[in-house]
Amino acid sequence: MSSDNQWSAEEDEGQLSRLIRKSRDSPFVPVGIAGFVSVVSYGLYKLKYRRDQKVSIHLIHMRVAAQGFVVGAVTLGVLYSMYKDHIRPRFFSESKK
């Protein structure tokens with residue numbers, strides 16, 4: 001057997017440590033998760049006081065708002081990543097010369 005197939009404790013990470021590692025790599029992931037949870041929580045709270053609105057319409061609006069927040073967070077994350085990888089190195093490398 002090769003050493004590549006052996007199990008090590010470092011490869012087996014828990015859910016919390018994986019979330020922490022991913023949030024360091026892309027800091028807008030926790031923002032998207034928190035926004036999604038807050039929009040859904042608010043929507044479920046408002047479900048009780050929806051007046052004449054049908055439940056299906058309310059749930060569709062809630063889903064669209066939650067998805068919009070997540071898409072916005074992903075877009076900001078991509079823009080931040082592009083800035084960090086392409087714009088900032090070019091700007092700082094020219095200023096050092």
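Inter-residue side-chain proximity for I33 and L19 is flagged as met; some heavy-atom pair is nearer than 4.5 Å.
Hydrophobic clustering (ILVMFWY, side-chain heavy atoms < 4.5 Å, transitive): L44 and V70 are in one cluster.
Listed here is the closest heavy atom pair of P30 and S23: CG-CB, 3.4 Å. Taking each heavy atom of L47 and R50 in turn, the nearest pair found is O-NH1, 3.0 Å. Looking at every heavy atom in both residues, V39 comes nearest to A66 through CG1-N, 3.5 Å.
Residues satisfying the side-chain contact (heavy atoms from CB on, under 4.5 Å) criterion with I20, sequence neighbours excluded, are L16, R24. By the side-chain contact (heavy atoms from CB on, under 4.5 Å) test, L59 is found to be paired with V55, M62, residues two or more places apart in sequence or in another chain being considered. Looking at residues two or more places apart in sequence or on another chain, you find a side-chain hydrogen bond (donor to acceptor under 3.5 Å, both in side chains) between R63 and Q67. A search for side-chain contact (heavy atoms from CB on, under 4.5 Å) contacts involving Y83 returns I87, R88, not counting sequence neighbours.
Among residue pairs with one or both ends in residues 16-49, those qualifying as ring pair (Phe, Tyr, Trp, His ring centres under 6.0 Å) are Y45-Y49; sequence neighbours excluded. Applying the ring pair (Phe, Tyr, Trp, His ring centres under 6.0 Å) rule to pairs touching residues 53-80 yields nothing, sequence neighbours excluded.
Atom NZ of K54 sits in a sparse spot, with 12 or fewer heavy atoms from other residues, nucleotides or ligands closer than 6.0 Å. Open room surrounds CZ on R18; 12 or fewer heavy atoms of other groups in view lie less than 6.0 Å from it.
Under the 3.5 Å distance criterion, the side-chain polar atoms of S81 are left unmatched by any main-chain donor or acceptor of G77.
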